Amino acid sequence: MKSVDLQGFAEAWEHCKPFMVKALAKSGQQWDIEDVWKDIEDGEAVFYPVKDGAAVFKIMLYPQKRMLRIWLFGGKTGTQRANLDAVMEAADYYAELHECEGIELLGRKGWEKVLEPYGYDYKSVMLVKELGG
């Protein structure tokens, strides 16, 4: 079942949309909120609202494995830590549901320390060179 088919989706999306926009602004601006909406609507991503924020998950298919990616996570300032337990539990659930071999997250360096208690290990770094103006 797609996220958009769940009861209360529209209200939760409107409430959490500003948090997602803020998270997108910090992620390198490869996507905008309409891109996220389209992936959720098409069933390519799962929207998971929490009390004062939300996460968006995607299944990443690699040649040798299937991974759940925590694509976006944002929330009301000061509540991210409180919502993190719910998001991590949901990520575990969706990863098992979709027979993933693991969960991945691309994010700022600070996430390494925050996610360590949940069993996440540092694996790589992504470097980006912006071209043009």
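Note that the numbering runs from 1 along the sequence shown for the chain. This structure is a prediction, so every number in the text was calculated from the model and none was measured.
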Distance in Å, [X] [atom1] paired with [Y] [atom2], rounded so as to fall on 0.5 Å steps:
X: Ile59; Y: Met67; atom1: CD1; atom2: CE; result: 10.5 Å
X: Met60; Y: Leu106; atom1: CE; atom2: CG; result: 8.0 Å
X: Phe57; Y: Leu97; atom1: CZ; atom2: CG; result: 11.5 Å
X: Lys22; Y: Lys76; atom1: NZ; atom2: NZ; result: 12.0 Å
X: Glu34; Y: Leu24; atom1: CD; atom2: CG; result: 9.5 Å

Would you say that Arg66 contacts Cys100 through its side chain, given a criterion of any heavy-atom pair below 4.5 Å between the two side chains?
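Yes, close enough: below the 4.5 Å cut-off.
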Heavy-atom distance under 4.5 Å between the side chains of Trp13 and Val36, does that happen here?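 A side-chain contact under 4.5 Å exists here.
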Ignoring hydrogens and angles, write down the donor-acceptor pairs under 3.5 Å from the side chains of residues 115-122, residues two or more places apart or on other chains.
from, atom 1, to, atom 2, distance (Å)
Tyr118, OH, Asp85, OD1, 2.3

>> I need the full list of side chain to side chain donor-acceptor pair (under 3.5 Å) pairs touching residues 90-105, with sequence neighbours left out, sorted by first then second residue.
In response: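 Only Tyr62-Glu104, Arg69-Glu104 qualify under side chain to side chain donor-acceptor pair (under 3.5 Å).
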Just jot down the side-chain hydrogen bond (donor to acceptor under 3.5 Å, both in side chains) partners of [X], sequence neighbours excluded, or say none.
X: Lys38; answer: Asp42
X: Glu89; answer: none
X: Lys109; answer: Glu112

Worksheet item: What is the minimum heavy-atom distance between Ala91 and Ile70, and which atoms define it?
Response: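 Reported closest heavy-atom pair: CB-CD1, 4.1 Å.
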Fill in: Closest non-hydrogen atom pair between Leu72 and Ala23, with its separation
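Scanning both residues, the minimum pair turns out to be CD2-CB, 4.2 Å.
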Who pairs with Ala45 by side chain to side chain contact (heavy atoms under 4.5 Å, CB included), at least two apart in sequence or on another chain?
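Once residues adjacent in sequence are excluded, the partners of Ala45 under the side chain to side chain contact (heavy atoms under 4.5 Å, CB included) criterion are Asp39, Ile40, Val56, Lys58, Trp71.
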Check the angle between the aromatic planes of Phe9 and Phe47 and answer parallel, tilted or perpendicular using the 30° and 60° thresholds.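 Perpendicular, since the angle between the ring planes exceeds 60°.
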Phe73 and Trp111 aromatic centres sub-6.0 Å:
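Yes, close enough.
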